[in-house]
Amino acid sequence: MPSRIGVYVCHCGTNIAGRVDSAGVARFAAGLKNVVVARDYKFMCSDPGQDMIIKDIREMGLTRVVVASCSPRLHEKTFQKACQRGGINPFLFQMTCIREHCSWVVIDPTEATAKARTLVAAAVARVNYHDELYSRVESVHPDVLVVGGGIAGIQAALDIAKSGHKVHLVERGPSIGGHMAQFDKTFPTLDCAACISTPKMVAVAQETNINLMTLSEVVEVKGYVGNYTVRIRNNPRYVNQDLCTGCGLCMEKCPKKVPSEFEEGIGTRKAIHRNSPQSVPNTPVIDPSVCLQFVKGKCGACKKYCPSGAIDFEQQESFLEVQVGTIVLATGFDILDPGSLSQYGFGRYPEVYTGLQFERLNNAVGPTGGKIVMKNGRAPESVAILHCVGSRDANHHEYCSRVCCMYALKYDHLIKDKVGHHVRVFNFYIDMRCFGKGYEEFYRRVQEEGVTFIRGRPAEITDQAQSPEEEGKLVVVGEDTLLGRPVRLAVDMVVLCTAMEPRRDAAEVARIFGISQGQDGFFLEEHPKLGPVSTATDGIFLAGTCQGPKDIPDAVAHAAGGAGQALALAARGEVSISPTVSWINPDICVGCKICIGLCAYSAIEFDERRKVSVINEAMCKGCGSCAGHCPSGAAQVRHFNERQIFAELEGLLRPAPPALEPRVAEAAGPDVA
Amino acid sequence: MEEISVRQETAAPLGSPEASFEPAIVAFVCNWCTYTAADLAGTARMVQSPNVRLIRMMCTGMVDPKYIIKALLSGADAVLVSGCHPGDCHYINGNYKARRRMKLLKEILPRFGIDERRLKLTWVGASEGNEFAATVNRFAAEIKELGPIDTRRLPLL
């Protein structure tokens with residue numbers, strides 16, 4: 001039975017009708033094969049417009065509908081629902097865009113109308129071959145996995161747990177807290193970072209709905225939205241968490257000292273260590289790469305002195321699997337290693353620090369007990385702070401790291417506050433970006449405190465003195481671009497505001513979770529504006545700086561957003577899954593298995609009995625990698641299959657609108673193709 | 001942005017085929033990046049050559065080379081395939097698959113008498129409306145320069 005098609009051409013006020021002769025296009029459509037009715041209307045998306053479609057479906061027995069209006073990205077769903085209300089399957093509908101792709105971008109009305117006619121002809125040709133498709137409804141497991149225990153992961157986990165849903169919080173390090181635990185003060189309020197983050201860390205430990213797993217990593221994720229199976233590796237701590245009281249005697253007695261990662265290399269830790277007494281959990285961890293018991297096979301000082309017998313050198317890594325419905329990724333950021341900017345002498349000159357090192361220098365529980373002093377123990381008389389080290393730099397990261405201006409201002413203030421007002425502080429900046437709440441006010445305050453701001457990115461830092469005053473100091477060489485003259489500035493200490501960058505293993509994490517990275521390497525959100533927490537993979541959400549540089553308030557807000565999205569799915573308990581996925585016709589498939597290797601989602605399996613490849617529809621995302629390659633044409637994406645695309649092509653190219661393309665009309669005779 | 005806003009060709013008499021040549025160009029674009037960029041270009045009213053008509057695909061990775069051959073044999077003077085930038089694919093790596101297929105197809109097309117310049121693969125991200133308009137206009141100009149495809153004289157037919 002031939003299909004009965006209704007075509008509806010929208011005016012969109014004058015947005016379309018101003019250039020395209022909508023009524024003329026409708027008249028043209030009425031003459032196309034299988035078209036029963038073609039109408040034009042001022043606003044198809046309005047209620048009367050939709051009612052027109054519904055009425056025609058019911059009264060004229062339409063089996064297919066075509067709407068020519070704005071982009072399907074705007075109103076495809078609207079019209080699909082109208083079709084459904086009229087009584088036909090929503091996939092028996094095709095929308096073509098004659099606004100964004102036609103009336104708004106083609107100046108000549110004749111040409112615009114001709115293009116609109118071509119597009120409508122293509123949609124009509126295609127819709128003939130549409131099939132009825134039905135969305136599937138899958139249940140959603142109520143538990144949620146949160147990966148990463150920084151402030152974003154903590155926020156997401158607490159928000160979800162508060163609703164009564166169970167959360168598995170996986171943290172790679174020995175304790176939660178993330179980078180925020182390393183900070184001393186936070187801008188612009190100068191809140192003590194520990195005072196505001198440790199209550200949240202403790203809340204995580206006390207929340208019964210949170211299953212906190214430290215020293216753990218996700219190694220495999222299987223399944224699909226609502227039904228993920230996650231395999232987690234628990235690395236050994238070598239200290240029994242249940243027995244340990246956190247007294248810290250083991251760390252006192254341990255003979256092996258190494259540079260501390262938590263102190264960013266400017267302090268030391270023992271082989272058995274914990275980040276700080278406020279760590280959650282506060283059980284220490286043994287680093288087997290340096291512990292004498294593991295390296296040399298003898299020592300055991302910690303075991304000997306532990307009053308509760310918690311040390312266990314025999315612990316092994318273990319694996320466990322959890323079932324979750326949704327996943328929130330809060331894997332955070334790394335900071336750029338300024339060693340790659342050799343002109344700044346990081347690693348060569350002892351008094352050149354990264355931002356995080358300076359943060360530890362400031363911190364009351366840091367290696368200097370919060371005293372800002374140089375390696376020789378004296379307080380600096382002058383400090384230069386270099387902004388945008390590795391950020392806004394075509395050779396490193398093009399993006400702005402968003403936090404450096406503000407933490408540089410915080411350091412300015414803290415230096416003046418802690419060391420004394422006589423200390424001269426110089427900021428080398430490109431632009432001051434103080435965009436947040438209270439940030440500009442803080443900038444003003446710091447300016448009033450007598451800090452110097454020099455606009456320009458320094459060329460180098462050197463210890464080669466050119467005058468007696470520069471002897472024994474670090475000289476920042478650059479240009480003041482506002483005054484237009486070169487600058488040489490001798491200082492005691494230099495702080496590099498190094499860029500925030502994606503975690504070094506971000507690509508591996510993206511692979512495990514089946515999500516994408518943007519060009520900058522951070523995880524890619526679904527939409528830069530309207531989908532900043534969701535990813536292209538359903539049921540996986542982003543929180544915090546794994547998506548891009550953020551300050552603490554933004555990371556917390558982002559995490560709360562991610563938690564909300566995950567909860568929306570978990571609370572509803574079911575999710576509808578798009579039917580536009582691949583299908584392999586078993587009568588055509590020759591079992592070459594090429595598609596299995598191509599599938600980025602491992603959604604294709606081989607049926608050994610029938611010797612054909614089979615799509616797991618629950619895991620298939622409908623990307624069509626298999627369909628694009630299948631040598632026998634057995635693999636096809638539903639709603640984007642070969643017949644539909646061929647029909648669309650033929651509609652697009654033939655018959656050609658005579659006003660525009662006389663030649664194609666001639667070439668399109670039966671002798672071709 | 002290269003603009004071809006005023007186009008004299010339509011006004012030219014049909015008698016001179018070179019002057020009146022209006023190529024038919026089919027563009028297979030991915031839903032997530034280039035189609036969105038085309039929407040953005042439209043919203044920003046960036047004037048584009050009407051010769052290029054879009055076919056929305058979910059991913060460039062689903063563009064079977066036979067769709068391109070079919071388009072060229074059905075009267076398209078050229079085919080544009082455009083998707084997300086490398087690394088930005090909505091489906092992890094579909095655009096890399098498209099890139100491999102297009103490279104091979106470009107090697108095969110000349111053997112059938114089709115100039116490989118009639119097939120173009122570009123990356124236009126969702127936020128690059130201006131880049132989309134420029135790509136369309138540049139490609140249309142290139143194909144106008146190249147002249148009409150003559151599918152009737154192709155050896156395989």
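Scope of the values below: all heavy atoms of this structure, side chains included, with no hydrogens, waters or symmetry mates.
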Report summary line: In this structure, OG of S625(A) is separated from CE of M58(B) (nearest 0.5 Å) by 12.5 Å
Report summary line: Pair count under 4.5 Å, heavy atoms only, with chain B: among G518(A), A635(A), G521(A), C630(A), highest is G518(A)
Query raised in the report: What do the steps show when you test Y35(B) against E100(A) for side-chain contact (heavy atoms from CB on, under 4.5 Å), and what is the final call?
Result: CA-CA 10 Å; Y35(B) 198 88; E100(A) 283 86 344; over 6 Å; no
Report summary line: Heavy atoms of Y601(A) and I92(B) approach each other most closely as CE2-CD1, 3.8 Å
Query raised in the report: Quick one: what part of L74(A) sits under 4.5 Å from any heavy atom of chain B, side chain, backbone, both or neither?
Result: neither
Query raised in the report: When heavy-atom pairs shorter than 4.5 Å are enumerated against chain B, which of R126(A), R511(A), R99(A), E642(A) gives the highest number?
Result: E642(A)
Report summary line: Output for pair (K70(B) NZ, E648(A) CD), nearest 0.5 Å, gives 13.0 Å
Query raised in the report: Just wondering, more than 12 heavy atoms not from E508(A) lying within 6.0 Å of its CD?
Result: yes
Requested in this report: For residues R53(B) and T118(A), determine if any side-chain heavy atom of one lies less than 4.5 Å from a side-chain heavy atom of the other.
Outcome: yes
Query raised in the report: Measuring heavy-atom distances to chain B, does D520(A) have an atom under 4.5 Å in its side chain, in its backbone, in both, or in neither?
Result: neither
Requested in this report: Look up atom CH2 in W104(A) and atom CG in D39(B), then write down how far apart they are to the nearest 0.5 Å.
Outcome: 9.5 Å
Report task. Examine whether an atom of A600(A) lies under 4.5 Å from a heavy atom of chain B, and if so say whether it belongs to the side chain, the backbone or both; otherwise answer neither. Result -> both
Report task. Please say whether more than 12 non-hydrogen atoms of neighbouring residues, nucleotides or ligands are located less than 6.0 Å from OH in Y129(A). Result -> no
Report summary line: Output for pair (W32(B) CH2, H527(A) NE2), nearest 0.5 Å, gives 10.5 Å
Report task. Would you please go through residues 95-103 of chain B and name the residues with a non-hydrogen atom below 4.5 Å from one of chain A, in numerical order? Result -> K97(B), R101(B)
**Report entry** Pairs of heavy atoms under 4.5 Å with chain B: top-ranked of H101(A), K621(A), Q517(A)
**Finding:** H101(A)
Report summary line: One option among V136(B), V63(B), T43(B) has the most heavy-atom pairs under 4.5 Å with chain A, and it is T43(B)
**Report entry** Proximity breakdown for H90(B) and chain A, heavy-atom pairs closer than 4.5 Å
**Finding:** both
Query raised in the report: Counting heavy atoms not belonging to R117(B), are there more than 12 under 6.0 Å from its CZ?
Result: no
Query raised in the report: Which region of T60(B), side chain (C-beta onward) or backbone (N, CA, C, O), has a non-hydrogen atom less than 4.5 Å from a non-hydrogen atom of chain A, or is it both or neither?
Result: neither
Report task. Would you indicate whether the side-chain heavy atoms of I645(A) and M57(B) approach each other to under 4.5 Å? Result -> yes
Requested in this report: Begin with the C-alpha distance, continue with both residues' side-chain angles, and end with the deciding distance and a verdict on side-chain contact (heavy atoms from CB on, under 4.5 Å) for R73(A) and N31(B).
Outcome: CA-CA 9 Å; R73(A) 293 179 59 89; N31(B) 178 52; 3.7 Å; yes
Query raised in the report: Quick one: CG on L73(B) to CG on L653(A), what's the gap to the nearest 0.5 Å?
Result: 11.0 Å
**Report entry** Distance, nearest 0.5 Å, that separates CG of L524(A) from CG of D88(B)
**Finding:** 5.5 Å
Report task. Say whether, by atom type as modelled, one donor and one acceptor occur between the side chain of S74(B) and the main chain of E650(A) under 3.5 angstrom. Result -> no
Query raised in the report: Of all of P65(B), A44(B), A71(B), which one pairs up most often with chain A through heavy atoms under 4.5 Å apart?
Result: A71(B)
Requested in this report: Give the minimum heavy-atom separation between M62(B) and F640(A), together with the two atoms involved.
Outcome: SD-CB, 3.8 Å
Query - Proximal component of Q636(A), with respect to chain B [non-hydrogen, under 4.5 Å] - result: side chain
Query raised in the report: Looking at S516(A) and C89(B), what are the two nearest heavy atoms and their distance?
Result: OG-O, 2.8 Å
Requested in this report: Might you point out which heavy atoms bring K66(B) and G633(A) nearest each other, and give the distance in Å?
Outcome: NZ-CA, 4.4 Å
**Report entry** E116(B) CD: over 12 foreign heavy atoms closer than 6.0 Å
**Finding:** yes
